[in-house]
Number of protein chains: 2
Amino acid sequence: MQKNSPDVAFRLEQELRRGVLMLAVLSQLRKDQYGYSLRQLLDAKGMAIEEGTLYPLLRRMEEQGLLHSEWKIEDGPPRRYYRRSRDGEKIYRGLATQWRGLVATVEGLMEESK
Amino acid sequence: MQKNSPDVAFRLEQELRRGVLMLAVLSQLRKDQYGYSLRQLLDAKGMAIEEGTLYPLLRRMEEQGLLHSEWKIEDGPPRRYYRRSRDGEKIYRGLATQWRGLVATVEGLMEESK
DNA sequence: GCACGATACATAGCTACACACAGTATGTCA
DNA sequence: TGACATACTGTGTGTAGCTATGTATCGTGC
């Protein structure tokens, strides 16, 4: 093993989850959610995401038109709430379908590798 | 939609498959396979991968100790055959487990987003 | 023998994005 | 008032997929 084994495995696992974060985040934005709470929610469901990742991701998806956001100051500090846009709904559904196809494909590949 | 919609969806779909390519490739290397044939094999099973991606990926995984390779000149042009190493076997199994957990997590997230 | 196409591999440059790290701001409580 | 929690923002680094391009060998037809 030329490279540090724990690091390699760790990096590969990170890479494995990488493209899924976006889908995970989108999945929870049917209704208004703000970043901090969204992060806690995802963490509780087994999908931890760094804040340095989540906030740029949210900003990016809004720029791409997938999300709407608005500031609210009710109780506690100011919060930025996000929610899927109409286009975001369509894209989310498309991605969900793509994901399921991907899962099936990989499942087939791994089955035959025994 | 501020950005070009087909491009956004396309990019997101690409991102979705990103970290999975490595797992797909690893899954097919229980026995010797060379790049070109591996690419065709994966394509036939629904997991297309660009050669500009596959070859650096194979090289990378060998450098990380996950694969062994050897040149063979039998019939046709010279080919570089790859196969999982012992460490590669271990890491592959770990990644497969990780993947299944990830799938279950995302499934749960998407279920609740209806 | 040569040209062409198929097979087979390699890599530089670019883009996109997660993560690490650091900083800012507001509200709450002792 | 200061400390801490909540909440958000932004920069730099590293990694990996894709595009584009190039090299090399083999096989076949002329």
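Letters A, B, ... are given to chains in the order of the sequence lines, protein chains preceding strands, and every chain is numbered from 1.
Contact between the side-chain N/O atoms of B:Tyr55 and the OP1/OP2 oxygens of C:dA10 is not found at any separation under 4.0 Å. Within the structure, every side-chain polar atom (N or O) of A:Arg39 is placed at least 4.0 Å from both OP1 and OP2 of D:dC8. In this model, the phosphate group of C:dA25 is not approached by any side-chain N or O of A:Arg80 to a distance below 4.0 Å at OP1 or OP2. Look at B:Arg60 and you'll find a side-chain N or O under 4.0 angstrom from OP1 or OP2 of D:dG17.
Contact annotation for A:Gly76: backbone-only contact, meaning every heavy-atom pair under 4.0 Å involves sugar-phosphate atoms and none involves a base. If you check every strand for non-hydrogen atoms under 4.0 Å, A:Pro56 touches nothing. Looking at heavy-atom distances under 4.0 Å, B:Tyr82 makes contact with sugar-phosphate atoms alone, never a base.
Residues B:Leu54 and B:Gly35 come closest through the heavy atom pair CD2-O, 3.4 Å.
We find that CE of B:Met61 is positioned 10 Å from P of D:dA16, with the value rounded to whole Å. Spacing between atom OH of B:Tyr34 and atom C1' of D:dT25 amounts to 13 Å, rounded to whole angstrom units. Distance, A:Ile73 CD1 to C:dA25 P: 14 Å, rounded to whole Å. Atom pair B:Arg59:CZ and D:dA16:P shows a separation of 15 Å (rounding to whole Å applied). Counting to the nearest Å, the C1' atom of C:dA20 and the CD atom of A:Gln14 are 11 Å from each other. If you take CG of A:Leu21 and C1' of D:dT15, they are 15 Å apart, rounded to a whole angstrom. Protein atom CZ of B:Arg11 is 8 Å distant from nucleotide atom C1' of D:dG17, rounded to whole Å. Protein atom CG of A:Asp75 is 13 Å distant from nucleotide atom C1' of C:dT26, rounded to whole Å.
In this structure, A:Tyr55 contributes its side chain and A:Tyr36 its backbone to a donor-acceptor pair below 3.5 Å. Looking only at distances, a side-chain donor or acceptor of A:Arg84 sits under 3.5 Å from a matching main-chain atom of A:Leu26.
For A:Glu15, taking side-chain heavy atoms from C-beta onward, the closest of the listed nucleotides D:dA16, C:dT26, C:dC9 is D:dA16. Picking from D:dT9, D:dT19, C:dC9 the nucleotide with the shortest atom distance to the side chain of B:Glu50 gives D:dT19. Distance from the side chain of A:Pro77 is smallest for C:dG27 among the nucleotides C:dC19, C:dA10, C:dG27.
Salt-bridge check for B:Glu70 with B:Arg80: failed, with every basic side-chain N at 4.0 Å or more from each acidic carboxylate O.
The base of C:dC17 has none of its N or O atoms less than 3.5 Å from a complementary donor or acceptor on the side chain of B:Arg18.
Two residues, B:Glu51 and A:Met22, neighbour DNA chain C, and the one matched to the more 5' nucleotide by heavy-atom proximity is B:Glu51.
Using modelled atom types, one finds no donor on one side chain facing an acceptor on the other under 3.5 Å when comparing B:Ser85 with B:Glu89.
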